[in-house]
Amino acid sequence: MLKGKTLAFHSYKGGTGKTTLITNLAASFAKNGKRVCLLDFDLYAPSLATYFRKKPTCYLYDVLNGNVDISDILIDVSSDLGLKGKLFLGLSSPKKEDVQEIEMSHDLKWQLKAVRRFLSAKKSLIENYDLDYVLLDTGPGIRYWSINTLATADILFLTMKISDMDIEGTKKMAADIYDSLKKFGLQYYVILNKVPGASPIGDVGWEENEFTLTEELENDLNTKVIGTVPCFCDIQFNRHEFLFSIKKPTHLFSKKVIELSKNIEKIVFPVE
Ligand SMILES: Nc1ncnc2c1ncn2[C@@H]1O[C@H](COP(=O)(O)OP(=O)(O)OP(=O)(O)O)[C@@H](O)[C@H]1O
Ligand SMILES: [Mg+2]
């Protein structure tokens with residue numbers, strides 16, 4: 001059995017913080033000595049390149065198309081970031097033609113072939129690079145490649161904001177999609193992000209509601225809420241996206257990321 005596990009981050013609505021959390025978690029795992037590969041499966045609106053300021057010559061789409069090997073697209077950012085372990089990136093093409101082509105110009109046969117190609121590439125990636133984690137960032141909602149990506153993962157982390165729209169949408173998506181993937185062995189957990197209260201934005205009464213909402217979600221979704229991350233104005237309104245967990249390790253957000261990484265580690269590699 002493969003040692004490395006594949007974790008996907010998904011959400012019903014956009015902007016819940018999937019990319020922010022997955023990049024910071026990836027860096028945090030690698031800082032602790034783990035071997036990690038982070039892949040940008042938000043094929044419709046790729047964003048990992050902004051975080052890492054890298055421009056590769058070929059992309060995940062080329063792997064799905066069968067044009068290149070997955071090792072050809074990887075960028076090793078470990079030494080740039082001073083990480084004890086390894087962090088490899090696989091980015092997605094921001095080119096308009098590629099984004100359109102992936103959804104519109106291919107038939108179902110191609111799409112299935114692409115999923116098979118990725119599954120086999122992922123297996124060799126874990127073996128050849130001796131990976132502990134493959135992390136998949138996805139696009140929100142139920143678009144074709146978001147769901148395909150989830151189907152290739154071992155564990156799914158649902159990133160949610162505390163808004164009725166997100167909560168109701170997530171419950172519906174759980175009933176429509178996650179529960180059917182569960183039958184094929186996919187486990188899923190909830191992470192609440194941008195939780196009000198960390199910044200001085202008034203009396204939002206979050207603490208009082210935290211227990212009630214967590215209980216409601218755990219009951220309705222039949223899973224666990226494995227972490228809550230506060231909303232920080234300096235992150236939300238920063239002009240440049242960057243890795244807080246590496247650049248500002250004493251920031252409360254970075255501490256929350258470490259807490260979350262430990263909770264995830266316990267789920268992924270439980271101690272016997
Ligand atoms: N805990 C947080 N506190 C404050 N701002 C946050 C937090 N987490 C994420 N953000 C900010 O929210 C915005 C959206 O985050 P991000 O791009 O990670 O969301 P996403 O779920 O990946 O969005 P999309 O679905 O569009 O890909 C960014 O400006 C990010 O800096
Ligand atoms: Mg994103």
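Both counts, for ligands and for their atoms, begin at 1 and track the order of listing. Numbers here simply count residues along the sequence, with the first being 1.
Legend: residues meeting ring pair (Phe, Tyr, Trp, His ring centres under 6.0 Å) with Phe242, ordered by chain and number and at least two apart, are Phe244.
Ser11 places no side-chain N or O within 3.5 Å of a backbone atom of Met160 that could act as its donor or acceptor partner. Between the side chain of Ser92 and the backbone N or O of Asp40 there is at least one donor-acceptor pair closer than 3.5 Å. The main-chain N or O of Thr159 is found under 3.5 Å from a side-chain atom of Thr16 such that the two form a donor-acceptor pair. Checking side-chain atoms of Ser254 against main-chain N and O of Thr250 turns up no donor-acceptor pair under 3.5 Å. Looking at Asn263, its side chain does come within 3.5 Å of a backbone N or O of Ile226 through a donor-acceptor pair.
Between Ser11 and ligand 1, no pair of N/O atoms sits closer than 3.5 Å. Backbone and side-chain nitrogen or oxygen atoms of Gln236 are examined, and one is located within less than 3.5 angstrom of a nitrogen or oxygen of ligand 1. At least one N/O-N/O distance between Thr16 and ligand 1 falls below 3.5 Å.
Aromatic pair Tyr188/His10: ring centres not closer than 6.0 Å.
Protein N/O/S atoms nearer than 2.8 Å to the Mg ion (ligand 2) total 1.
Distance from atom 28 (C) of ligand 1 to its nearest protein heavy atom, with residue and atom name: Glu241 OE2, 3.9 Å. Atom 10 (N) of ligand 1 has as its closest protein heavy atom Lys194 CE, 3.5 Å. Nearest to atom 19 (O) of ligand 1 among the protein's heavy atoms is Gly17 N, 3.0 Å. Of the protein's non-hydrogen atoms, the one nearest atom 21 (O) of ligand 1 is Lys18 NZ, 2.7 Å. Here the protein heavy atom with the shortest distance to atom 18 (O) of ligand 1 is Thr20 OG1, 2.5 Å. Looking at atom 23 (O) of ligand 1, its nearest protein heavy atom turns out to be Gly15 N, 2.9 Å. Protein heavy atom in closest approach to atom 4 (C) of ligand 1: Phe232 O, 3.0 Å. In this structure, the protein non-hydrogen atom closest to atom 2 (C) of ligand 1 is Pro230 O, 3.7 Å.
Listed by number with element, the atoms of ligand 1 under 4.0 Å from a non-hydrogen atom of Cys231 are 3 (N), 4 (C). Per-residue contacts place Gly14 under 4.0 angstrom from the following atoms of ligand 1 (heavy atoms of the residue considered): 25 (O).
Using a 30° and 60° split on the angle between ring planes, Phe269 and Tyr133 fall in the perpendicular class, above 60°.
With atom 6 (C) of ligand 1 as the reference point, the heavy atom nearest to it among Leu192, Leu252, Ile235 is part of Ile235.
Lys13 NZ: 12 or fewer foreign heavy atoms inside a 6.0 Å radius. Within 6.0 Å of CD1 in Ile142 there are 12 or fewer heavy atoms belonging to other residues, nucleotides or ligands.
Heavy atoms of Ser47 stay at 4.0 angstrom or farther from ligand 1.
Sorted by first and then second residue, the salt bridge (charged side-chain N to carboxylate O under 4.0 Å, His left out) pairs with a member in residues 73-83 read Lys54-Asp80, Asp76-Lys86; sequence neighbours excluded. The list of side chain to side chain donor-acceptor pair (under 3.5 Å) pairs with a residue in residues 141-153, not counting sequence neighbours, reads Gln111-Trp145.
Heavy atoms of Cys233 found under 4.0 angstrom from ligand 1: none, in either backbone or side chain. With a 4.0 Å heavy-atom cut-off, ligand 1 is reached by no atom of Leu21. Only the side chain of Asp42 comes within 4.0 Å of ligand 1, judged by heavy-atom distances.
Residues Lys31 and Ser245 have side chains that never bring a donor and an acceptor to within less than 3.5 angstrom of each other. Between the side chains of Thr19 and Asp137, a donor-acceptor pair is found at a separation under 3.5 Å. Side chain to side chain, Thr20 and Tyr51 meet the donor-acceptor criterion of an N or O pair below 3.5 Å.
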